[in-house]
> 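The following block contains the structure, expressed as structure tokens.
A quick note: this is a predicted structure, and the numbers were derived from the prediction, not measured. Naming: A, B, ... by sequence-line order, numbering from 1 per chain.
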Number of protein chains: 2
Amino acid sequence: MSSVPAFKRLPRAVREQQMLDAAVKVFSRRGFHAASMDEIAEDAGISKPMVYAYLGTKEELFVACLHREGTRMMQAIAGAAAPDLPADERLWRGLRAFFGFVGAHRDGWAVLYRQARGEQPFAGELATMRARLVEVVAGMLDHALRAEGREIAAIDLEVVAYALVGATESLADWLADHPEADPEKTATRMMNVAWLGAAQLLHGVTWRPPTD
Amino acid sequence: MSSVPAFKRLPRAVREQQMLDAAVKVFSRRGFHAASMDEIAEDAGISKPMVYAYLGTKEELFVACLHREGTRMMQAIAGAAAPDLPADERLWRGLRAFFGFVGAHRDGWAVLYRQARGEQPFAGELATMRARLVEVVAGMLDHALRAEGREIAAIDLEVVAYALVGATESLADWLADHPEADPEKTATRMMNVAWLGAAQLLHGVTWRPPTD
DNA sequence: GCGTAACCCTACGCACGAGTAGGTATGCTC
DNA sequence: GAGCATACCTACTCGTGCGTAGGGTTACGC
């Protein structure tokens, strides 16, 4: 009379994803330290030792979250912005993909952006990912410049790229807190600021997405 | 034979500032949770119960740090950007004051920006301060628009302001990690991005600070 | 020169949460 | 259907760090 167990046994790969889902959710709500392994385990519908068996210590679990969400995001962006398009087109597609991702994975974004920044052991990890993004944007700008036969100091380029990435992240943060907001529209607004600048906007010049 | 005490007794106001200095330092290095009251007390050259007597619990202490650093920053900006100047001039002065502040108070900035964002109880507090900044920038843009007899949706204005603030914060973060960088120069770069936009920069248009 | 208030300490209680020990059940293979 | 690997659990240990009890010492008013 094997009373049907409340919940089934599941293969490791599935349980790991459930655990990561739960971890991302709890980490994003509570922050790394305030999140407890007990809560994560409970939220995943499993007991704590299983989490340790599969994903390791709390730090390792957090890093696993970071990697999964980071990789997902990078893939979303890279898949959208083909390298042989003109700069504005690439920027636009990258932005749209990025805001789309954040809109669909608000928790994941919160873990990456809000939590990992402050905590010592992970800040570096995150900074690396961010640096890759900055590099891409800087490369894009540089490419566009060379096409016009012009040039600019590498440091300036990097700083400009940094500012663009920062502005984008900031709007993404805004988006994460405004569930009713439209990612597409937010991307358009970002494009206006980044591409045209405040002065142009004040003079009535606006950028509109290409009708694709 | 009262052996001269190792360190003098000091009035409350002085000790409180020393404690806040230590707290900002430790919080910025370790993060809220990882920072221990013992370390803060030791760093302030005082014993733990004194910290509790003067500044209250750990949370209250953190809020006190937030308030002090936030107020200092707001004053630095407000003091620089007179409300009756043209928009670009105001923006420039505000940016310069802001980057100057961050350059001089890197720890304080780290507490505000990197730590307070993620931790639940403080995120709101910080968001309020940030909202005030966004409001100021949005108001500035709106003012400039009306002067030209034009208008724009309030939401769009706010989002643009948000992006500008975000880009600025992001560069400030970059500045905090690059001790050799010049705040003034960073402000100029930010001005270029925000005011002219990427497209203009790519076409060789640049903005230069007024020779005051 | 004595009371009293402010300053300051050592040493602890106690809760919370990371990580583990040790064992049970289930399904898959041959 | 015996053997074995894998999934899963309850129930602990133990360190860490917040917050405090209880008491000592210096300065200042009167």
> Run the ring-centre check on A:Phe98 versus A:Trp109 and record whether the distance is less than 6.0 Å.
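Ring centres of A:Trp109 and A:Phe98 closer than 6.0 Å.
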> Looking at the base of D:dT25, is there any donor atom on it, or on the side chain of B:Arg9, that sits under 3.5 Å from an acceptor on the other one?
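In this structure, the two groups form a donor-acceptor pair.
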> Can you tell me if A:Thr186 and A:Arg96 form a side-chain donor-acceptor pair at under 3.5 Å?
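No pair is found: no donor N or O on one side chain lies under 3.5 Å from an acceptor on the other.
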> Describe, in one word, how the ring planes of A:Phe62 and A:Phe122 are oriented to each other, choosing from parallel (under 30°), tilted (30 to 60°) and perpendicular (over 60°).
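Rings of A:Phe62 and A:Phe122: tilted, 30 to 60°.
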> Does some side-chain heavy atom of B:Val102 sit less than 4.5 Å from a side-chain heavy atom of B:Tyr113?
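SC-SC contact between B:Tyr113 and B:Val102 ruled out.
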> Think A:Arg15 has a side-chain N or O under 4.0 angstrom from the OP1 or OP2 of D:dC8?
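Answer yes for this pair, as a side-chain N or O of A:Arg15 is under 4.0 Å from OP1 or OP2.
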> Pull out every residue in residues 46-55 of chain A that has a heavy atom closer than 4.0 Å to any atom of DNA chain C, ordered by number, or say none.
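Residues of residues 46-55 of chain A under 4.0 Å from DNA chain C: A:Lys48, A:Pro49, A:Tyr52.
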> Among C:dG19, C:dC8, D:dG19, which nucleotide has an atom closest to any side-chain atom of B:Lys58?
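Of the candidates, D:dG19 comes closest.
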> Any residue in residues 25-40 of chain B with a heavy atom nearer than 4.0 angstrom to DNA chain C? Just list them by number, or reply none.
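Nothing qualifies; none.
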> In Å and rounded to the nearest 0.5 Å, what is the CZ to CG distance from B:Arg15 to B:Leu55?
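So the CZ of B:Arg15 and the CG of B:Leu55 are separated by 12.5 Å.
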> Using residues 69-88 of chain A as the side-chain source, report each donor-acceptor pair under 3.5 Å to any protein atom, sequence neighbours left out, with the distance given to one decimal.
residue: A:Thr71; atom: OG1; partner: A:His67; partner atom: O; Å: 2.6

> What is the distance, to the nearest angstrom, from the CD atom on A:Glu60 to the P atom on C:dA18?
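For the pair A:Glu60 CD and C:dA18 P, the rounded distance is 14 Å.
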> Do we see a donor-acceptor contact under 3.5 Å between the side chains of B:Gln17 and B:Arg68?
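Looking only at side-chain atoms, B:Arg68 and B:Gln17 do form a donor-acceptor pair, the distance falling under 3.5 Å.
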> From CZ of B:Arg12 over to P of C:dA5, roughly how many Å is that when rounded to an integer?
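So the CZ-P distance, B:Arg12 to C:dA5, works out to 16 Å.
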> Roughly, in whole Å, what's the span from CD in A:Glu59 to P in C:dG19?
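Computing the A:Glu59:CD to C:dG19:P distance gives 8 Å.
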> Using atom CG of A:Leu61 as one end and atom P of C:dG17 as the other, report the distance to the nearest whole Å.
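In whole Å, C:dG17 P lies 16 Å from A:Leu61 CG.
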> Donor-acceptor check, side chain of B:Lys25 to backbone of B:Ala44, threshold 3.5 angstrom: yes or no?
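Not a single qualifying donor-acceptor pair exists.
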